[in-house]
Amino acid sequence: MQILLAIVIVPSFVFVGVSGYKSMGDSANTLAKVDGKPVTQQEYENALRRQLDQYRQRFGAQFDQKMFDTPEFKQSVLDNLIAQRAVTAEVVRGHLTVSDAALQKAILESIQDIPGMITPEGKIDIERYRATLANANGLTPEGYEQSVRRDMAVQQLVSGIQGTAFAPRAVAKLVSDFTEQEREVQEMVLPVSDFLPNVKVTEDMVKAYYDKHGKQYEIPEQARIEYVVLDAKAIESQVAVTDDEVAAYYKANQARYTAPEERRASHILVAVNKDAKAADKAAAKAKAEAILADVKKAPADFAKIAKEKSEDPGSAAQGGDLGVIEKGTLVPSVEQSIFALKQGEVSNLVESEFGYHIITVTSLKSATVKPLDEVKTAIADDLKKQKAAKKYSEVVETFTNTVYEQADSLKPAADKLGLKIETAAGVTRTPAPAAAAAPYNNAKFLTALFSDDAIKNKRNTEAIEVAPSTMISGRIVEFKPASKKPLADVAAEIRQRVTVEEALKAAKAAGEAKLAALKKADDTAGFAPAKTISRVKADGINPIAARAVLKADASKLPAFVGVEVPGMGYGVYRIGKVHQPAAPDEARRKSDQEQIGQILAQQDMLNYVEVLKQKAKVKIVHPVADVKSEEPQ
C-alpha cells in the first residue's frame, strides 16, 4: 500500500538491479558482458559523466556532487547501462527498425528550435548541423542519426510493454479511499519557548558540544590557483579568414546557398483500379476527358471543378491542392507532369495506378541564389570555426607537453600558444556550486590540482580534458590546510544551539508524560478545537505531525499521538473521528488510477528487462566497487 501511495516519478527507461555472476579472465577494462559484448570502463565513465551533467543542469547552484558519490549511485549507473544493452540486443534480435522518414521527422523536431539550424527554405543547414554535433557531443551526423534510430527502436519495444498495463478498479478504489480518508484531530502544543527560561547551559556543555560536533566548525582546505584553458574559443581568436577564402568557399558550395525551385500544384482525379476491367477503364477515361474539356474551357475554375468532380478524398475539398511538391514524393507519372508544366498550364490526362489525373501548376518560384554579401558573415564564421578546430587538434600535443615539461610555471605554455593565465581564490578539493560554470570547477581537474605533489611542489597539473575540445592545466600558488574555528569564535552560537536542544528535551519529557496520562483517561482539556485533515489536505497542522496522525492506529477511538517537532516543541494529538468524505473527488480518483497504471507499467518493464538480461546472459566481470575509476568530469 505504501508503495502504491508513494506515486514516485520514475523515468520510463530507468532500470535497477543486475542479476548476474562474477567472471574471471576477462579484460581489466571490461565491467560486464551483455549478449557476449563487453561493457567497458570507458563506457561506464561516460554514462556516469552524462548522468552527473544532467543532475548538475537540473539542480544548478544546489548541485552537490558528494550526494552522488556513493557505491549505490555508481552501481545504478552500471545497472542502467546493462539494462539498456539488454533491451537493445532484443531490438536487434526482433529486427525492430525505424523508417528514414520517421527518423528525419524526429531529428527535425529535435533541432528546429536551435538558432540558424533550419534555413528559410525549411531545410537543415548541414554544415551548422555537423559543427553543432561535433562541438556538443563529438559526434558525426551519421553517428548521431544511428543513435537516434536505435533509441526510437528501443522506445517501440518499451511502449509495447508498458502500454499493456492497467490498474484494477478495486485497487485504485482502495488507494483513493485510503488517500481521501479524513480524521478529526485536536492539537495540544508544548512550545519550546515555554521551557527556554528554565534551561541552564554550562561552559562544560558548550565544550562538549564543540568536541562532539567539531566537523560543523571546520574550515576546509583551500587554495589560490593559476590556470590556463585551451579551447576552440581561445584558438578562434588567433585565426583569420580572408575575403578570398570566403569567396572561394561560396563558389565551391553554391548549392548550399541556392533556394531550389518551388512548385505548387493541384489535380483532379477520376479514380479507377489498375486491375479494373477494360470497360471500366474506358468509362473512367471518358469521364476524365469530359472533365478536362470543362477545365480547358474555364481554367480559372479549376479549383471549383475539382471540388465538384475530383475523386481524391485528400485534396478535393481543397480544390485539388497538393501543396508544394518535392521530387520523389508522388507517383512518377504525376510528378513528371507537374515538373514539365508552366505556371497556369493544364495537363492532358495523366494515367497512374490510381486512375486519371488532370494537373495544373498553381504557383512557381524559380531557383534563386543568395548573394555573397548576404551570406559572407556566416561563411566567415564557419570557416573560422573550421580553422580553429583544425588548429586545436594540432596544438593539443604542444600544450600537453609544455605544461608537463616546464612544470614550474604556466607562462611558457601561455606565451607559446597565446593563452591567458587566469586566477581563482578559495578553490576547494570538490566542485563548488557557486562556480559551476568555471572550467577549473571540475572534479577530475581538482583531484589532480590537490594531489600531494601539486600541493607540496606547486607544480603544474597535467593537461586535463574537462569538456569536448577543452583542456586545462593549473597550479597552486598558495595553499591553506583545513583548520577548525576556535571555540571562542563559536561559543555564543553553540550556547544558543544547546539551549534550544535542552528546552526541546524538557518539552518532550512533559509531552510524553501528558500522552501517558491521556492514554489512561481521556481528557479534552487543553486541546484546541477539532480540525479535519486527510492525506490530500492537512492545513493548519505541522507536516511532520500530520504524517504521524494519519499513520496512527485509529482502530480504537479516541487515539493519541505524540510528535516531536524539531525546533518548535512537542505536540500531543487526539484523534476523535475517522470517516470518508461525503463527496469523493472523482477527478483525483481518475488521476490515482492513471498513476497506479503508470507504476504497474514501470514494474512490468522492470520484470521484462530482468528476463532480457537473463536472455542476454549478463555477466558481472568487475563490480563498480572493485574498479578504480577516474573522477567523472
Side-chain angles (χ1 to χ4, degrees), residues 1-6 174-213 216 492-582 584-585:
M1 181 65 71
Q2 290 177 333
I3 292 172
L4 290 175
L5 288 173
L174 184 63
V175 172
S176 295
D177 286 347
F178 194 65
T179 302
E180 293 179 352
Q181 183 191 81
E182 295 178 341
R183 297 189 172 196
E184 287 188 9
V185 59
Q186 292 174 276
E187 181 181 47
M188 180 189 296
V189 177
L190 287 73
V192 68
S193 58
D194 290 354
F195 298 86
L196 288 173
N198 299 322
V199 173
K200 305 299 180 185
V201 178
T202 66
E203 295 300 323
D204 288 342
M205 292 168 70
V206 172
K207 178 69 164 58
Y209 186 95
Y210 178 77
D211 292 340
K212 183 177 179 180
H213 301 89
Q216 293 181 13
E493 176 189 338
I494 292 176
R495 183 176 296 277
Q496 185 177 7
R497 284 176 180 265
V498 174
T499 299
V500 172
E501 286 187 1
E502 292 300 312
L504 279 171
K505 289 178 184 177
K508 181 179 180 181
E512 288 176 342
K514 179 66 177 177
L515 186 65
L518 287 169
K519 288 181 177 179
K520 292 179 180 178
D522 182 23
D523 183 2
T524 60
F527 282 99
K531 297 177 182 178
T532 300
I533 68 170
S534 70
R535 290 172 178 82
V536 177
K537 187 177 182 181
D539 298 339
I541 291 184
N542 182 278
I544 296 175
R547 284 197 291 271
V549 168
L550 293 167
K551 190 170 65 173
D553 180 5
S555 57
K556 182 179 179 181
L557 297 176
F560 298 94
V561 179
V563 182
E564 181 182 353
V565 183
M568 297 179 64
Y570 194 86
V572 178
Y573 297 87
R574 180 180 184 274
I575 304 168
K577 294 181 181 179
V578 177
H579 53 79
Q580 292 298 127
D585 186 338

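Keep in mind that this is a model prediction, so the values were computed, not measured. The analysis underlying the following values was restricted to heavy atoms, covering all of them including side chains, and did not include hydrogens, waters or symmetry mates.
Arg495 has a carboxylate O that lies under 4.0 Å from a charged side-chain N of Glu203, or vice versa, which qualifies the two as a salt bridge. In this structure, Glu493 pairs ionically with Arg497, as a charged nitrogen and a carboxylate oxygen lie closer than 4.0 Å.
Here the CZ atom belonging to Arg535 is positioned 10.5 Å from the NZ atom belonging to Lys551, to the nearest 0.5 angstrom. Note that CD of Gln216 is 4.0 Å distant from OH of Tyr209, once rounded to the nearest 0.5 Å. Note that OG of Ser534 is 10.0 Å distant from NE2 of His579, once rounded to the nearest 0.5 Å. Between Leu190 atom CG and Met568 atom CE the span is 12.5 Å, to the nearest 0.5 Å. In this structure, Glu184 CD and Ile533 CD1 are separated by 11.0 Å, a value rounded to the nearest 0.5 Å. Atom CG of residue Leu518 and atom CZ of residue Phe527 lie 4.5 Å apart, to the nearest 0.5 angstrom.
Summarising the geometry of Ala554 relative to Val578, their closest heavy-atom pair is CB-CG2, 3.7 Å, with the distance given to 0.1 Å. Shortest non-hydrogen contact noted between Thr532 and Glu182 is CG2-CB, 3.7 Å. Annotation for Ser193 and Pro197: closest pair O-CD, 3.4 Å, computed over non-hydrogen atoms. Shortest non-hydrogen contact noted between Val500 and Val192 is O-CG2, 4.0 Å. Nearest heavy-atom pair across Ala552 and Ile575 is CB-CD1, 4.0 Å. Here the closest heavy-atom approach between residue Leu515 and residue Gly562 is recorded as CD2-N, 3.6 Å.
Within a 6.0 Å radius of CE in Met205, more than 12 heavy atoms belonging to other residues, nucleotides or ligands are found. Within 6.0 Å of atom CD in Gln580, more than 12 heavy atoms from other residues, nucleotides or ligands are found, so the atom counts as buried in its surroundings.
Although no hydrogens or angles enter the test, the distance criterion places a donor-acceptor pair under 3.5 Å between the side chain of Lys531 and the main chain of Gly540. Within the 3.5 Å criterion, the main-chain N or O of Thr524 finds no donor-acceptor partner in the side chain of Arg574.
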Legend entry - Asp204/Thr202 under side-chain hydrogen bond (donor to acceptor under 3.5 Å, both in side chains): CA gap, chis, key distance, verdict: CA-CA 5 Å; Asp204 288 342; Thr202 66; 5.1 Å; no
Legend entry - Working for side-chain hydrogen bond (donor to acceptor under 3.5 Å, both in side chains), residues Tyr570 and Glu564: CA-CA 5 Å; Tyr570 194 86; Glu564 181 182 353; over 6 Å; no
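Arg183 has its side chain within reach of Gln181: a pair of non-hydrogen atoms, C-beta onward, lies under 4.5 Å apart.
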